[in-house]
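Chain identifiers are assigned alphabetically (A, B, ...) following the order of the sequence lines, protein sequences preceding nucleic acid strands; residue numbering begins at 1 within each chain.
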Amino acid sequence: MSVNPLLAERFALIGKLIELLGEDQFRANAHAKAARIVGDMAEDLGAMVDAAGPGAKKKLTEIDGIGARTADKIIEFVTTGKIAELDELAARVPAGLVPLLDVPGLGPKTVSMLWNRGGVKDIADLKRIIADGSILQLPRMGAKGVEKIKASIALIEQGRDRLPLGLARPIADRIVELLRGVEGVTRVEAAGSLRRGKETIGDIDVLIAADSAAAAKRAGESFREMVGVTTVLAAGPSRSSVRMAIAPEVGRFEREGSEGDAYKGPSIQVDLRVIDAESWGAALMYFTGSKEHNVRLREDALKLGLTLNEYGLFPEDGEETPPQTRGVRPVAAATEAEVYAALGLALIPPEMREDRGEIDAFSAAARPGRKAREGEDRGSAFDASRLVSVESIRSELHAHTTASDGVLSIVELAEQAKARGFHSVAVTDHSRSSAIAGGLSPDRLRKHIDDIREAQERVNGIRILAGSEVDILADGTLDYEDELLARLDVVVASPHTALSQEASAATSRLLKAITHPLVHILGHPTGRLLNRRAGLSPDMPTLVAAAVESRTAMEINSHWLRLDLRDSHVRLCADHGALIAIDCDTHSPEDMDNLRFGVATARRGWTLAKNVVNTWDAAALNRWLTSKR
DNA sequence: ATGGATGTCCATGCCGCCAGCATTGGCGG
């Protein structure tokens, strides 16, 4: 287990405690920032500290946003497992107060006031003073706000995580399709973290433009009456807001027994916003985010004598009131491209809008102090057309058949892949140790290879590669003898068991697989499952360096429960030019629809199409495969 | 607490909206 998520959680907590105590806001911000940086880092800080020894502090402070004090705390946590400052702060604030910060509508100032003025120490206290009405005596607590807080608490108590992208996306697609069918609606787009392809989604934001107020009204009505809506939270001319039920089955809705407020199952909030066509681009940018990206853009706008908001990019005139309310003409507003262009930027793909260096990279002018990226001339803007896209994917290199735990025969799998326009598909059933998944004994694999060759005889227009998803055992050895692996066209090596082994063991285990001369692809490298299992936390820089050296591809497993590698790991691969394989780990035909999630993750990690083996034509793919034979 | 410019200090992400209160704080993006 990597210490990074633990450290991120602790830094975030320190920041929150400082805010609750009403102490230095800048210290609080600095800790929140440190939490974000540490959480995004691919390299395990525990390994870094151990490896650097006495030089650890210097190494840590080289990271932008980590100073001497934070470095000390990282080292303290790695070596002792605790942070004294955190313990001291925690002793001064009731533990039950921190979860209150997660209640929508409650921020640090309000929670702090509830505690100091209202004696609130946890959610139960808050509910009590809401119930007996005494909360209304406190400053800034009016009837309207308290109603909102009450509703938010009810929601929080259902205790749900953010929704995986793979569940949110089909819901959003359905809503977008519904609204596009409303007469007079001219534009519809889902924005937010969904549009950025983040692995989990907090809520769904849908923007529309319409050619009349009547059309916008019709759209709002259709939206609020959709199947699956359990509660209408808002119903105004410019905004509607609902909660939608999510059935246990993917992307399906369940209405029986879920009428109105009685519904207590999983749900997601969906907001519909009506946008003027003239400010479509600015609004889409604002609602797409990320917040950090938006703030950077607004900062840069000010340096150019401009001010950016969700209505457009305007000349900065020093007036207090928003420019659009004074009839000021925007410099740009209608499309994202023109707003970015007016800021001296090429259109930044939504997946990259995270304030992770993309604004400098997309700047038309060279900016000093920036390292040129692989495949990029210093001083020229990042070329978004070179990023990998769904359309650029030409093969699936990780798929299962009925021989192990898939539902398709070899021929059926080939037909599915062909229908998607692929030139090749690899049959990679499980190896013997994955007994539950029907792993093949060496003898069965030999027979399976014959079956694959025989299937190829019967199918035209697609190449069927004989492969295996071979288990990487806990010590790094592979589940078949080299002699057998050498007979396969493609070898995907993946960890399936011992997924909680310690970082150093995981690193050497995976390193063995990457450097094995017969292995082409490292499959779902960490074995994590979203919201369920953290998986391995190997030292990623070491793995990536080895992958570059041995020309082994690192997989992005596209299944929305895996998305493994994750975006930050992918970015490390892109920075070093490692090969990437984007695969669906196909077990059934629908699994191939997950490709877009894998591609989104690749784009979030700045992956160029040329570094993705699935984008290569058949000849190039074959040259790479045979180079390891 | 950090990072930048200076050599110890100084500034520190933007903008709009809403409720509550009476002109601003707090929140969310």
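Here the P atom of nucleotide B:dG3 and the CZ atom of A:R69 are 13 Å apart, to the nearest Å. A straight line from NZ of A:K148 to C1' of B:dC18 spans 7 Å, rounded to a whole angstrom. Here B:dG20 presents its C1' atom at 11 Å from NZ of A:K144, a figure rounded to the nearest Å. Following rounding to the nearest Å, A:L194 (CG) and B:dG29 (P) show an atom-to-atom distance of 15 Å. Taking atom OH on A:Y286 and atom P on B:dC17, their separation rounds to 9 Å, with Å as the unit. When the C1' atom of B:dG16 is taken as reference, atom CD of A:E320 falls 13 Å away, rounded to whole Å. Between the P atom of B:dT12 and the CG atom of A:N29 lies a distance of 13 Å, rounded to the nearest Å. In this structure, A:L306 places its CG atom 15 Å from P of B:dC14, rounding to the nearest Å.
Within the nucleic acid shown, A:G192 has no heavy atom closer than 4.0 Å to any nucleic acid atom. As judged by a 4.0 angstrom heavy-atom cut-off over every strand, A:L106 is placed among residues touching the sugar-phosphate backbone only. Using a 4.0 Å heavy-atom cutoff across all strands shown, A:A34 reaches no nucleic acid atom at all. Residue contacts for A:K291: at a heavy-atom cut-off of 4.0 Å it reaches a base atom on one of the strands shown. A:T307 comes within 4.0 angstrom of sugar-phosphate atoms only, judged by non-hydrogen atoms across all strands, and of no base. Using a 4.0 Å heavy-atom criterion, one finds that A:A32 contacts no nucleic acid atom at all. Contact annotation for A:G65: backbone-only contact, meaning every heavy-atom pair under 4.0 Å involves sugar-phosphate atoms and none involves a base. At a threshold of 4.0 angstrom between heavy atoms, the contacts of A:Q25 with the nucleic acid are absent. Looking at heavy-atom distances under 4.0 Å, A:I63 makes contact with sugar-phosphate atoms alone, never a base. Residue contacts shown for A:N309 are limited to sugar-phosphate atoms, with no base heavy atom under 4.0 Å away. Among the heavy atoms of the strands, none lies under 4.0 Å from A:K303.
Using atom P as the reference point in both B:dA11 and B:dT6, the two lie 13 Å apart (nearest Å). B:dG20 and B:dC10 have their P atoms separated by 41 Å, with the value rounded to a whole Å. Taking atom C1' on both nucleotides, B:dG13 is separated from B:dG3 by 14 Å, rounded to a whole Å.
The aromatic rings of A:W606 and A:F382 lie perpendicular to each other, with more than 60° between the two planes, well past the 30° mark.
When only modelled atom types and interatomic distance are considered, A:T601 and A:E199 share no side-chain donor-acceptor pair under 3.5 Å.
Under 4.0 angstrom from either OP1 or OP2 of B:dC17 there lies at least one side-chain N or O belonging to A:Y311.
Ring stacking is absent between A:F26 and B:dT2, as the pair misses the limits of under 5.5 Å between centres and under 30 degrees between planes.
In the displayed structure, A:E62 atom CD is contacted under 6.0 Å by more than 12 heavy atoms of other residues, nucleotides or ligands.
When each of B:dG29, B:dC14, B:dA1 is scored by its nearest atom to the side-chain atoms of A:L302, the top-ranked nucleotide is B:dC14. Between B:dT24, B:dC27, B:dC14, one nucleotide has an atom nearer to the side chain of A:V295 than all others, and that is B:dC14.
Remark: of the listed residues A:L563, A:V570, A:D567, A:D567 is the sole one forming a side-chain contact (heavy atoms from CB on, under 4.5 Å) with A:R604.
In this structure B:dC17 sits in a base pair with B:dG26, meeting the Watson-Crick or G-U test at under 3.5 Å. Taking a pair to require two hydrogen-bonding distances under 3.5 Å in either a Watson-Crick or a G-U wobble arrangement, B:dT8 pairs with B:dA5.
Salt bridge present: A:D125 and A:R128 bring a charged side-chain N and a carboxylate O closer than 4.0 Å. Ion pair A:R92/A:E23 flagged as a salt bridge, since at least one NZ, NE, NH1 or NH2 atom sits closer than 4.0 Å to an Asp/Glu carboxylate oxygen.
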